[in-house]
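Report on the structure given below.
Side chains are part of it too, since the values below use all heavy atoms of this structure and drop only hydrogens, waters and symmetry mates. Counting convention: from 1, in listed order, for ligands and their atoms alike.
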Amino acid sequence: MKKTTLWLVCLCYLLTAKGENGYDLWLRYTRITSPSLLTSYRQQANSLIISGSSATMRIVKEELTNGLSGLLQITPALRNTPYRNGTIIAGTPASSLLIHNANIRTQLQQAGEEGFVITTTFVNQKKCILIAGNTDRGVLYGAFHFLRLLQTAQPIPAQPLVSAPKLRLRMLNHWDNPDRTVERGYAGFSIWNWHTLPNYIDQRYIDYARANASIGINGTVITNVNANATVLTPAYLEKVKALADVLRPYGIKVFLTARFSAPMNIGGLKTADPLDPGVQQWWKEKIKEIYSYVPDFGGFLVKANSEGQPGPQDYHRSHAEGANMLADAIAPFHGIIIWRAFVYSHENPVDRHQQAYNDFTPLDGQFRPNVMVQVKNGAIDFMPREPFHPLFGAMPHTPLMMEFQVTQEYLGQGTHLVFLAPLFKETLESDTYAKGKGSTVAKIIDGSLDAHSLTGMAGVANIGNDINWCGHPFAQANWYALGRLAWDHTLSSEQIADEWLRMTWSDNPAFLKTASRLMLESRDLFVQYANPLGLHHIMGTSHHYGPAPWVNNLSRPEWNPVYYHKADSAGIGFDRTATGSNALAQYQAAVQRQWADVNTCDEKYLLWFHHVPWTFKMKSGRNLWEELCYQYYTGAAHADSLQATWQSLQPYVDKQRFEQVRMLLNIQHKEALWWRNACVLYFQSISHMPIPASYEKPDHTLEYYQQLQFPFAPGI
Ligand code: GCW
């Protein structure tokens, strides 16, 4: 090693030796590493004029002060007049005369209610930076964006940079229960400490709000969709109010889940029939009561008639009748109802893929204007790879909200490094052909295709009380990605990964090159060693951890993995074409053409749409059985190589997080082998074809994998 290189490695080591626990997320605000950039930023941004005295503007001041103190290692002077170069002026046209008089009127118009303008301008011959919005919330988003520019080594814009969110509601959905367990949570217990609320305000609530505001999230559903009506009782509404008060100045509205049977559970009524006047009156009063605690309450998210949740169909009423009853009660307060389309029923023998479409498309046009229907990205359930949900493009008269899963229920849970932006983007960029070519899912949810103004995206949160919030240090990137894409779905996965890595880890080019590749390949890799070629829903029962493609004894047919892979002596896969369930018919003709023919169907969806003979010739020249083995073995080998890749990044990463990721990648490799061995052995027991001789033999028998038990696995 050359002397200078050795020196640099030692220096890196010294800088990184101190451990970081990950609590600061992407808001670490560590000193800018490039000396020239540091000097230039210090010249351009060294003092602050903050206009306005609202709680939000106080946060702007605090965040800019902390951010600049950390990034530039200077304490920015607070001023009233810009008598020197490098003054940041933050405010709205109403609060700041300078901004009012600045030549950014058109840009401010484009920024709308929540957007912002950042630019450089001269005030009395002094070069200043404007961070302007039409509302204090806009200024706050602008302040965070300004800090992000510095954190990611971007130039400070000389010309106006305008940014406005493409979606109105940018939300997290917490599946958090009152006892602090988190359904499908892998990062500890719920951050909401209901027991000590309302009088004890955990610093976490504030830091949660900061993190969300920094990526533009403006709404949070704090309770599980598998809902408990207790949260609607006065004692709990006090607690909800306390949380709402913390989140409000950060631009975040609180939403709750409404258990449809609440009038019976806590109201003493005999029915929850949405057409019953007593029930309607009960909800009106309850909603009025909620608004007396939380005047800007966002509304309800409802899971009804799905997986045992009560709903309007219990009274032979439709989803629209149920949603509209709540919508009418909340309309006077300008709240909204988000009604989930994740419905399927075991009494219904139709392919589960088709059930939501069948239930909801006849209701298009029947929902009140303040109702949104929230649709999961795919028709089954957040699988590692799913074609887009056929409801996108099929309900033009209803605003559809996207539901992504940020928590990694089916994507390695707490132990696998899987960056989800590529999954989110794959869905958003899918073409539904609803109004001809270019009718992407993104254009449906942003309202541009069907002229809706109520628009939104939600992510099922991956947040818990683990010290680093998300368990796996790289899982934070998925929270980050959800927020960034909800703000602007045109951002690329590459850009999001690059931003997050620079802010959360290091801006060293060698680190960035390798770490971003690790992230960007990770989702395809998980698919390869767990659910290749369109396989889906072959995970363990209830906890959903690890492989169990053999399960065939659960009470509902569509809960069993065998229902989804349909492996038999002839072949494997779910025929969803005209010769099978014909779920494919729910897509537009142009989409059907992409997937209908087994010979031309994209192989990543092959077994999703086709039952394919084991000897079927694949594009690689291998037969299907060999290809399946190839995918599992190649994926597991790649998972192994991640450990060496990570090792090469040691010089750039602090000790604590380096070790965490090192150990987790080791578990990930073991679990990739587990997926490979269990699936290959099981499918072999059906195909009766040999595992190609060049591959090592699984280290256990199929029976061994079948008898593994995971009592107390998290997230159930
Ligand atoms: O993915 C499934 C989960 C359930 C969840 C359900 C839903 C909240 O396994 O835990 O329940 O989806 O989205 O309603």
Atoms of ligand 1, numbered as shown, that sit under 4.0 Å from any heavy atom of [X]:
X	answer
Val225	8 (C)
Asp381	1 (O), 2 (C), 12 (O)
Lys303	6 (C), 7 (C), 8 (C), 11 (O), 14 (O)
Phe342	6 (C), 7 (C), 12 (O), 13 (O), 14 (O)
Arg184	3 (C), 4 (C), 9 (O), 10 (O)

Examine [X] relative to [Y] and say whether NZ or CZ is less than 6.0 Å from the centre of the six-membered ring and inside a 45° cone about the ring axis.
X	Y	answer
Arg204	Trp469	yes
Arg576	Phe609	no
Lys376	Phe342	yes

For the rings on [X] and [Y], is their centre-to-centre separation under 6.0 Å?
X	Y	answer
Tyr564	Trp559	no
Phe683	His565	yes
Phe382	Phe404	no

For [atom], find the nearest protein heavy atom and state the residue, atom name and distance (0.1 Å precision).
atom	answer
atom 6 (C) of ligand 1	Glu307 OE1, 3.3 Å
atom 3 (C) of ligand 1	Glu409 OE2, 3.3 Å
atom 8 (C) of ligand 1	Asn226 ND2, 3.3 Å

**Request:** Mark the output for Lys376 as yes if a heavy-atom distance to ligand 1 is under 4.0 Å, and as no if none is.
**Result:** yes

**Prompt:** Do any heavy atoms of His544 fall under 4.0 Å from ligand 1?
**Reply:** yes

**Request:** Would you please classify the geometry between the His416 ring and the Tyr529 ring as parallel, tilted or perpendicular, with 30° and 60° separating the classes?
**Result:** tilted

**Complete:** To the nearest 0.5 Å, atom CD1 of Ile444 lies from atom NE2 of His389 at 12.5 Å

**Request:** Check the pair Leu301 / Phe255 against side-chain contact (heavy atoms from CB on, under 4.5 Å), numbers first and verdict last.
**Result:** CA-CA 7 Å; Leu301 170 66; Phe255 290 68; 5.7 Å; no

Is any N or O atom of [X], backbone or side chain, closer than 3.5 Å to an N or O atom of ligand 1?
X	value
Glu183	yes
Asn224	no
Trp175	no

**Prompt:** Hey, is Trp559 touching ligand 1 through its side chain, its backbone, both or neither, going by heavy atoms under 4.0 Å?
**Reply:** neither

**Asked** When you look for heavy atoms under 4.0 Å from ligand 1, do you find them on the side chain of Arg340, its backbone, both, or neither?
**Response** side chain

**Request:** Under the side-chain contact (heavy atoms from CB on, under 4.5 Å) rule, what do Glu409 and Val460 come out as? Steps first, then yes or no, please.
**Result:** CA-CA 10 Å; Glu409 176 180 2; Val460 179; over 6 Å; no

